[in-house]
**Q** 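If you scroll down you'll find the structure; I have some questions about it.
No hydrogens, no waters, no symmetry mates; every other heavy atom, side chains included, goes into these values. Numbering of residues begins at 1 and proceeds along the displayed sequence.
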Amino acid sequence: MTTLRGTLPPGSPDYVYLPFEVPPGTTELKVSYTYGKPSVPPGVPGNALDIGLFDARGTGLGGRGFRGWSGGARTEFFVRADEATPGYLPGPLHPGTWYIALGPYTVAPQGLPYEVTVTTARGEPGETPPPRYPPPRARGRGRDWYRGDCHLHSWHSDGRRTPAEIADLARAAGLDFLNSSDHNTNAAHPHWADAAGDDLLVLLGEEVTTRNGHVLALGTDPGTFVDWRYRARDGRWAHFARAVRAAGGLVVPAHPHADCVGCGWRFGFAEADAVEVWNGPWTPDDEMTLAAWDARLAASARGGRAWLPALGNSDAHRDPDVVGMPQTVVLADELTREAVQEGLRAGRSYVAESRQVVLAFAVTAEGGERAGIGERLAVAADTPVTVRLEVSGAPRCSVRLLTDQGVLFTGGPLPVSGTGTVEWRTTPARAAYVRAELRHETALGPLPGAMAAFTNPVFLGRAGDGRTGAAR
């Protein structure tokens with residue numbers, strides 16, 4: 001048994017590595033830790049200490065020696081060849097110098113005293129099972145609108161649900177696909193195989209949780225690990241964003257205006273493929289993200305530049321978090337990893353608070369030309385066009401139509417049946433794009449209500465191209 005003690009002062013590095021020796025013949029490694037939590041004045045952060053593990057291959061950026069991360073969700077864990085605590089990777093325990101990775105998330109003015117206990121055991125070594133991953137295809141309905149939740153946490157990070165429990169909740173929410181996105185670990189990937197099925201496509205990914213914001217690696221190749229140990233000032237982000245795409249994934253900054261420590265996105269959007277505009281129950285930070293996204297959208301439309309589609313996800317961790325609230329509804333040719341990602345990348349999607357909300361949104365020119373969500377209606381600037389929104393499942397919600405000039409149409413509340421149709425006429429000269437919002441009623445007069453659904457835009461006119469790739 002080895003005990004490692006110390007005190008981290010305020011201003012400590014983001015990550016501190018404690019070396020220890022793993023002797024030959026070791027078949028199990030157990031780690032537990034504690035740290036001091038002194039009282040602090042109101043408004044001053046107290047101590048919070050994350051933990052992870054790297055093996056004898058080292059702690060170099062890129063994660064070659066990565067063996068697991070539990071953040072602050074666990075006080076102890078084990079690793080063996082045949083099994084490991086959720087969040088950690090089973091595999092051989094090669095002798096040599098291993099490392100405990102400590103992440104002082106916040107440090108009190110008095111400092112952060114810690115004690116880590118490492119216990120090694122000898123015995124008959126087990127065999128590491130070959131990983132079995134979920135298939136990249138489900139049955140599907142051909143070209144159709146598919147519902148998904150791309151930001152979910154299991155007990156492999158700080159969630160409290162197993163992959164099987166999440167999958168059951170996803171099916172109950174009417175989802176067709178989901179994305180595994182545990183914080184800073186790929187350990188969950190092999191555990192989704194039994195949860196997937198012909199009726200549920202499971203994409204594999206990670207929530208890359210840096211000190212300058214969080215980003216979803218959405219739908220990467222099975223087993224892909226994305227390092228998180230850098231800040232915006234380090235100039236490393238572009239490299240890792242490209243690595244996500246090289247592994248077949250999408251780069252999606254998550255909850256970019258969240259106010260928790262380290263949650264706000266500071267890396268910019270040049271490397272993004274989409275952005276998570278709606279995260280969990282609608283709150284003021286979602287309203288801020290929506291406004292910032294719309295401002296970028298207007299600038300992109302006027303400049304003929306590539307634009308950034310919006311997604312909505314639950315970020316569900318545990319009860320009472322609702323899987324599939326909200327959910328992204330994407331038009332895809334089939335229910336496969338590649339087809340869903342292409343629909344998300346192209347912005348052929350809308351975000352709804354539940355399976356009950358169904359939208360059909362399109363713009364038609366007087367000559368019969370038509371474009372839907374994420375597409376461009378390439379007609380002359382003075383061509384009259386009709387914007388049409390069909391809604392079901394949104395009782396008493398009001399409709400707003402927005403363009404690069406702001407809100408240009410506000411309809412009265414839909415009937416209690418939740419079904420209705422709205423039409424509005426404009427021209428490309430008056431609107432570079434148009435998108436729709438459904439808002440719940442509010443008792444606060446002119447303030448908009450909480451969101452029920454919103455669409456990605458339809459672009460109008462011949463200037464520029466539609467969404468063709470990352471906005472970089």
Side-chain angles (χ1 to χ4, degrees), residues 3-18 31-54 59 61 63 66 68-77 85-88 99-117 151 153 155-160 181-185 206-216 226-234 236-237 240 253-267 276 279-280 283-285 288-289 315 317-318 321:
T3 301
L4 307 168
R5 298 184 181 91
T7 298
L8 301 175
S12 289
D14 289 343
Y15 302 100
V16 176
Y17 302 99
L18 310 179
V31 177
S32 63
Y33 82 119
T34 61
Y35 60 93
K37 300 179 181 179
S39 60
V40 294
V44 176
N47 285 334
L49 184 63
D50 296 341
I51 195 168
L53 180 68
F54 288 79
T59 62
L61 199 61
F66 177 77
W69 182 259
S70 49
R74 304 179 187 280
T75 59
E76 58 185 30
F77 59 86
T85 297
Y88 291 81
Y99 302 86
I100 298 295
L102 297 181
Y105 187 62
T106 54
V107 180
Q110 302 96 315
L112 195 162
Y114 64 84
E115 180 176 295
V116 180
T117 301
H151 190 166
H153 295 280
W155 66 351
H156 288 272
S157 60
D158 58 346
R160 292 293 180 269
S181 56
D182 282 308
H183 294 282
N184 297 344
T185 181
E206 179 184 332
E207 183 174 9
V208 184
T209 307
T210 81
R211 295 301 177 88
N212 284 162
H214 303 182
V215 60
L216 303 176
V226 185
D227 213 322
W228 71 94
R229 294 171 293 159
Y230 42 84
R231 290 183 180 245
R233 66 192 180 208
D234 299 328
R236 302 278 190 170
W237 166 238
F240 287 102
H255 47 67
H257 287 90
D259 58 2
C260 48
V261 175
C263 293
W265 185 245
R266 299 291 183 267
F267 293 90
E276 185 183 74
N279 176 277
T283 55
D285 64 278
M288 290 177 61
T289 304
D315 198 1
H317 286 67
R318 61 188 70 82
D321 298 351

**Q** List the residues meeting ring-ring contact (aromatic ring centres under 6.0 Å, His included) with Tyr114, not counting sequence neighbours, and say none if there are none.
**A**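 Once residues adjacent in sequence are excluded, Tyr114 has no partner under the ring-ring contact (aromatic ring centres under 6.0 Å, His included) criterion.
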**Q** Any non-hydrogen side-chain atom of Thr34 less than 4.5 Å from a side-chain atom of Thr75?
**A**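 Contact flag for Thr34/Thr75 side chains = no.
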**Q** Who pairs with Asp321 by side chain to side chain donor-acceptor pair (under 3.5 Å), at least two apart in sequence or on another chain?
**A** none
**Q** Can you measure from CD1 (Ile51) to CH2 (Trp69) and round to the nearest 0.5 angstrom?
**A**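 Reported to 0.5 Å precision, the distance equals 8.5 Å.
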**Q** In chain order, what residues pass the side-chain contact (heavy atoms from CB on, under 4.5 Å) check against Thr117, with sequence neighbours excluded?
**A**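 Thr117 satisfies side-chain contact (heavy atoms from CB on, under 4.5 Å) with Met1, Thr3, Ser32, Glu115, Thr119 once adjacent residues are dropped.
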**Q** Any salt bridge (charged side-chain N to carboxylate O under 4.0 Å, His left out) involving residues 40-53? Give me the pairs, sequence neighbours left out, ordered by first then second residue.
**A** none
**Q** Is a donor on one side and an acceptor on the other found under 3.5 Å between the side chain of Arg318 and the backbone of Asp158?
**A** yes
**Q** For the OH atom of Tyr33 and the CG atom of Leu49, what is their distance to the nearest 0.5 Å?
**A**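 Nearest 0.5 Å value for the OH-CG distance: 5.0 Å.
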**Q** Taking the side chain as C-beta and beyond, is there a heavy-atom pair between Leu61 and Phe240 under 4.5 Å?
**A** yes
**Q** Just by modelled atom types, is the Gly87 backbone N or O under 3.5 Å from a matching donor or acceptor in the His156 side chain?
**A**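 Judged by distance alone, yes, a pair lies under 3.5 Å.
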**Q** Does Tyr105 use its side chain to pair, donor to acceptor, with the backbone of Val261 at less than 3.5 Å?
**A**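 Yes, Tyr105 side chain to Val261 backbone: donor-acceptor pair under 3.5 Å.
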**Q** Any idea which heavy atoms bring Phe267 and Gly213 closest together, and the distance?
**A** CE1-N, 4.4 Å
**Q** Output yes when a side-chain donor or acceptor of His153 lies under 3.5 Å from a complementary backbone atom of Ser181, and no otherwise.
**A** yes
**Q** Drop me the distance from Tyr99's OH to Phe54's CZ, to the nearest 0.5 angstrom.
**A**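 Going from OH on Tyr99 over to CZ on Phe54, the span is 11.0 Å.
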**Q** Out of Thr7, Leu112, Leu8, which residue meets the side chain to side chain contact (heavy atoms under 4.5 Å, CB included) rule with Tyr35?
**A** Leu112
**Q** Measure from the side-chain N and O atoms of Arg229 to the backbone N and O of Tyr15, and report whether any donor-acceptor pair falls under 3.5 Å.
**A**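 Side chain of Arg229 to backbone of Tyr15: no pair is present.
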**Q** Test of understanding: with salt bridge (charged side-chain N to carboxylate O under 4.0 Å, His left out), list the residues that count as partners of Arg74, not counting sequence neighbours.
**A** none
**Q** Of all residues at least two apart in sequence or in a different chain, which pass the side chain to side chain donor-acceptor pair (under 3.5 Å) check with Thr283?
**A**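 With sequence neighbours excluded, Thr283 shows a side chain to side chain donor-acceptor pair (under 3.5 Å) to Asp285, Asp286, given in chain and number order.
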**Q** Which pair of non-hydrogen atoms, one from Ser70 and one from Phe77, has the smallest distance, and what is that distance?
**A** OG-CD2, 4.5 Å
**Q** Applying side chain to side chain donor-acceptor pair (under 3.5 Å), name anything that partners Glu276, two or more places apart in sequence or on another chain.
**A**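 Partners of Glu276 by the side chain to side chain donor-acceptor pair (under 3.5 Å) criterion, ordered by chain and then number, come out as His151, Asn279, Asn313.
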**Q** For Trp228 versus Thr209, what's the shortest heavy-atom pair and its separation?
**A**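 Result for this residue pair: CD1-O, 3.3 Å.
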**Q** Hey, does Trp237 have a side-chain heavy atom less than 4.5 Å from the side chain of Thr210?
**A**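 Counting from C-beta outward, Thr210 and Trp237 never come under 4.5 Å.
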**Q** Report yes if some heavy atom in the side chain of Pro45 is under 4.5 Å from a heavy atom in the side chain of Val40; otherwise report no.
**A**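 No, too far: nothing below the 4.5 Å cut-off.
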**Q** With Pro38, which residues qualify under side-chain contact (heavy atoms from CB on, under 4.5 Å), at least two apart?
**A** Asn47, Ala108, Gln110
**Q** Sequence neighbours excluded, which residues qualify as side-chain contact (heavy atoms from CB on, under 4.5 Å) partners of Pro9?
**A**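 If we apply the side-chain contact (heavy atoms from CB on, under 4.5 Å) test to Pro9, skipping adjacent residues, the hits are Ser12.
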**Q** Once side-chain contact (heavy atoms from CB on, under 4.5 Å) is applied, do any residues pair with Asp234, and if so which ones, sequence neighbours excluded?
**A**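 By the side-chain contact (heavy atoms from CB on, under 4.5 Å) rule, Asp234 matches Tyr230, Arg231, Arg236.
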**Q** Under the rule for salt bridge (charged side-chain N to carboxylate O under 4.0 Å, His left out), what residues qualify as partners of Arg233, not counting sequence neighbours?
**A**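 Arg233 satisfies salt bridge (charged side-chain N to carboxylate O under 4.0 Å, His left out) with no other residue.
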**Q** More than 12 heavy atoms of other residues, nucleotides or ligands under 6.0 Å from CH2 of Trp155: yes or no?
**A** no
**Q** Between Ala254 and Glu207, what is the shortest heavy-atom contact and its length?
**A**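 For Ala254 and Glu207, the tightest heavy-atom pair comes out as CB-OE2, 4.2 Å.
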**Q** Can you tell me how far apart CG (Asp14) and CG (Leu102) are? Round to the nearest 0.5 Å.
**A**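 Answer for the CG-CG pair, Asp14 versus Leu102, is 12.5 Å.
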**Q** Working to the nearest 0.5 Å, report the span between OG1 of Thr59 and CG of Leu18.
**A** 11.0 Å
**Q** Return the set of residues passing side chain to side chain donor-acceptor pair (under 3.5 Å) with Thr185 (not counting sequence neighbours), or none when no residue passes.
**A** none
